[in-house]
Amino acid sequence: MIRIGDLLVSKGIITEHQLKQALEIQRKEPPKSKRQIGKILYEDLSVAQHAIMHELSALFAINELQVDIESISEEKIDFIKQVFDNRTDDVRLAMIKVKMIPFALKGKDQQEILTIISADPTNPSVAKLAEQLPYKNFEIAYTQLEVVDALLNKVLSSRNELLNLLEEIDYDESNIVEDEVVDEAALDAEINQSALTNLVEGVLVEAVRQEVSDIHIIPQPGNVTDINFRVDGKLETWHSQKGVKPEAISAVFKDKTRNVDRFERESAQDGFIQRKVDDYLIRYRVSIVPIVGAEFDRKLESIVLRILDDRKVISDLKKLGLQQQALSDFKRAITKPSGIVIVTGPTGSGKSTTLVAALYAVITPEKCVLTVEDPVEYLINGARQLKISDRMNFDDAIRAILRHDPDIVLVGEIRDLKTAEIAIKLANTGHLTFSTLHTNDAPSAISRLYKMGIEPFLIAYSVNLIMAQRLVRRLCNNCKRPIPDLDLDAVSQLGFTEQEIKEYTIYEPVGCDKCRNGYKGRTAIMEALYFTPKIRKLILASGDQIDEEVIRQEAVKNGMLTLRGSGRERIKEGITSIEEITAATVEEEE
């Protein structure tokens, strides 16, 4: 009888070396949780799962069923839901875990045959579960994992279904790790025997559907793991998983993340996950750091996933929401043939979104557009985005672009003097350059460049515009209401005049079933400092100290709105609240 590994080698699906690696991994696994060779190949050695399952299905005479998600009728969806709904929680969870779906019923009465599709029809559990369904006859067909996952997402309400099933997770207190040696076999057993894989997949899907920006996985004392979602800039607990070791949950996330080592628990790691959610490819940027817990000897890790959804990319400058003067100055700055445009602000303030919109405004087939980012957040049509790796780090990539004949360059972040010097050099040698900095406002970015070691004359003549920005929550249009008893002191401190207080209606959050605490979505406030001849002269005359306040006053004379001034306009437009602008900006000096 031909061995599966030999078959895959003969078909050219894997190499002899990969087979030897898989056999060695299998040999080291505990007997109770030993995996099949095919599973090791696609789970550990990154061999395409479909290529393996296609050959195995043919070997075992299992039909392969092609399923088009878009063409599935509501009647078929209802049938699948009905079969799932009429099962016990244990059976339903087991079916989800082994990726099997009762797909279609053909024939009549005693001759009815249920067609079951599965991403792994060779798994003995699929046939055992099929026997528990209320149909005497069944046939199992192979369908690609991506299609099965997409169909499961479509027919199951991931949040309620998943969280109800997770109540059934059993946990053996005897498996608590009490010393520095992590029992990998015990962890594997817990992962394989629980709904943890479904929990992780459900988290990835539900976060996208709820328009979450970041997912935080946080270990807590007593074998509790909090799963927090950042929605509209605020963290909130989505689910607390009790009775499962945090190490096991971390291991599942790490297993699904590329470029990280599951067994490394004492250093920071970065990687990424890709998933199709509702038929759209979503990327998750994963950051893992070791942390100290109440049980000091345990190797706990905090995991944060940033969701990168290209559907949220803004390619039209008008949709950024720039106010009139800022939009005019921004357009002038990015349509110049050379010079640098810098966007500044804290992490999560929308800098990348602004720069991508700026790039789309100037990209043409006649231009060579290069980007250097670590990591790449959004894919930009028409740009060549350099890939950072162990063999070409950020500094190497920055130097490489000087020799790659660019017209327009995006440098993800000016992080040190070396990066700043190359960005300035590009701007001064006929290239339009975009980049970001981490400073509180626009004038302080000038000081930051100077303190990095960039001479004032280079700053003055290479920079076109510096724009600071923040994201603030939008008031829900369904429930916001005018403030009945307006606190005149509070609005006066924000810079409102008596005439403005009389003329404009100022709203407050209420809260309803369509929003979160009166807010839904976010908008930007922006401070666009355009480099006029007078601004350039002020920088040249600075000497040893950049006078930020003088530069700010001159820019305001030219029509620049400060961050707080931009916020006042958002309040007058009825878009946001006094509390949001007060929290996001600093008080302006007289």
Side-chain angles (χ1 to χ4, degrees), residues 230-236 320-327 329 344-351 438-445 447 466-512 514-529 547-590:
R230 188 179 292 280
V231 182
D232 294 339
K234 305 294 182 183
L235 276 176
E236 56 186 48
L320 280 179
L322 284 158
Q323 283 140 338
Q324 187 174 353
Q325 182 68 42
L327 179 61
D329 288 342
T344 182
T347 301
S349 60
K351 300 187 295 296
H438 288 278
T439 62
N440 289 328
D441 56 20
S444 63
S447 297
I466 299 173
M467 187 163 76
Q469 67 181 60
R470 300 287 188 279
L471 291 177
V472 295
R473 290 183 295 173
R474 299 178 70 102
L475 287 165
C476 172
N477 287 325
N478 186 60
C479 65
K480 69 181 182 182
R481 68 184 177 197
I483 300 176
D485 298 311
L486 192 61
D487 185 342
L488 296 181
D489 288 339
V491 291
S492 297
Q493 285 179 1
L494 276 176
F496 280 94
T497 64
E498 289 185 13
Q499 181 61 34
E500 287 175 325
I501 293 171
K502 292 177 183 177
E503 186 176 345
Y504 293 97
T505 302
I506 298 177
Y507 293 88
E508 67 179 359
V510 177
C512 66
K514 295 183 179 180
C515 67
R516 286 180 168 86
N517 302 318
Y519 295 97
K520 187 174 183 180
R522 289 192 289 177
T523 190
I525 55 174
M526 297 171 173
E527 176 180 280
L529 171 57
D547 193 332
E548 297 175 18
E549 192 53 39
V550 170
I551 293 171
R552 182 181 291 104
Q553 290 173 4
E554 176 61 26
V556 170
K557 286 180 187 176
N558 296 331
M560 180 189 86
L561 285 174
T562 63
L563 284 169
R564 182 155 280 196
S566 176
R568 282 196 298 272
E569 294 302 310
R570 296 288 187 228
I571 292 172
K572 289 193 287 188
E573 293 163 3
I575 290 175
T576 193
S577 67
I578 293 171
E579 291 77 15
E580 280 293 291
I581 300 305
T582 302
T585 62
V586 296
E587 189 173 348
E588 295 171 352
E589 296 182 7
E590 296 279 334

Worked verdict on Arg568 versus Glu500 for salt bridge (Lys or Arg N to Asp or Glu O under 4.0 Å): CA-CA 10 Å; Arg568 282 196 298 272; Glu500 287 175 325; 5.2 Å; no

Validation row: [X], [Y] side chains within 4.5 angstrom (heavy atoms):
X      : Y      : result
Pro443 : Glu549 : no
Ile578 : Asp487 : no
Lys234 : Tyr519 : no

So, for [X] and [Y], which heavy atoms are closest and what is the spacing to 0.1 Å?
X      : Y      : value
Glu569 : Leu561 : CG-CD1, 3.9 Å
Tyr507 : Pro482 : CD2-N, 3.5 Å
Met526 : Leu320 : CE-O, 4.1 Å
Cys515 : Lys520 : CB-CB, 4.1 Å
Gly521 : Asp232 : N-OD2, 2.9 Å
Ser444 : Thr439 : OG-CB, 3.5 Å

Going from [atom1] on [X] to [atom2] on [Y], what distance comes out if it is rounded to the nearest 0.5 angstrom?
X      : Y      : atom1 : atom2 : answer
Ile575 : Asn477 : CD1   : CG    : 9.0 Å
Thr497 : Lys502 : OG1   : NZ    : 9.5 Å
Ile501 : Leu486 : CD1   : CG    : 6.5 Å
Cys476 : Lys514 : SG    : NZ    : 8.0 Å
Leu529 : Ile551 : CG    : CD1   : 7.5 Å
Ile466 : Asp441 : CD1   : CG    : 9.5 Å

Exceeds 12 heavy-atom contacts within 6.0 angstrom, atom CG of Asn558: yes

Short N-O contact, Arg516 and Glu236, less than 4.0 angstrom: yes

Steps toward side chain to side chain contact (heavy atoms under 4.5 Å, CB included) verdict (Arg570, Gln323): CA-CA 9 Å; Arg570 296 288 187 228; Gln323 283 140 338; 3.7 Å; yes

Suppose we screen for side-chain contact (heavy atoms from CB on, under 4.5 Å). Which residues come up paired with [X], at least two apart in sequence or across chains?
X      : answer
Lys557 : Glu554
Leu471 : Arg522, Ala524
Lys351 : Val343, Ser349, Thr436, His438

Within the distance-only criterion (no hydrogens, no angle test), does the side chain of [X] pair as donor or acceptor with the backbone N or O of [Y] below 3.5 angstrom?
X      : Y      : answer
Gln469 : Gly350 : yes
Glu527 : Ala468 : no
Lys480 : Gly574 : yes
Thr576 : Arg473 : yes
Thr585 : Leu563 : no

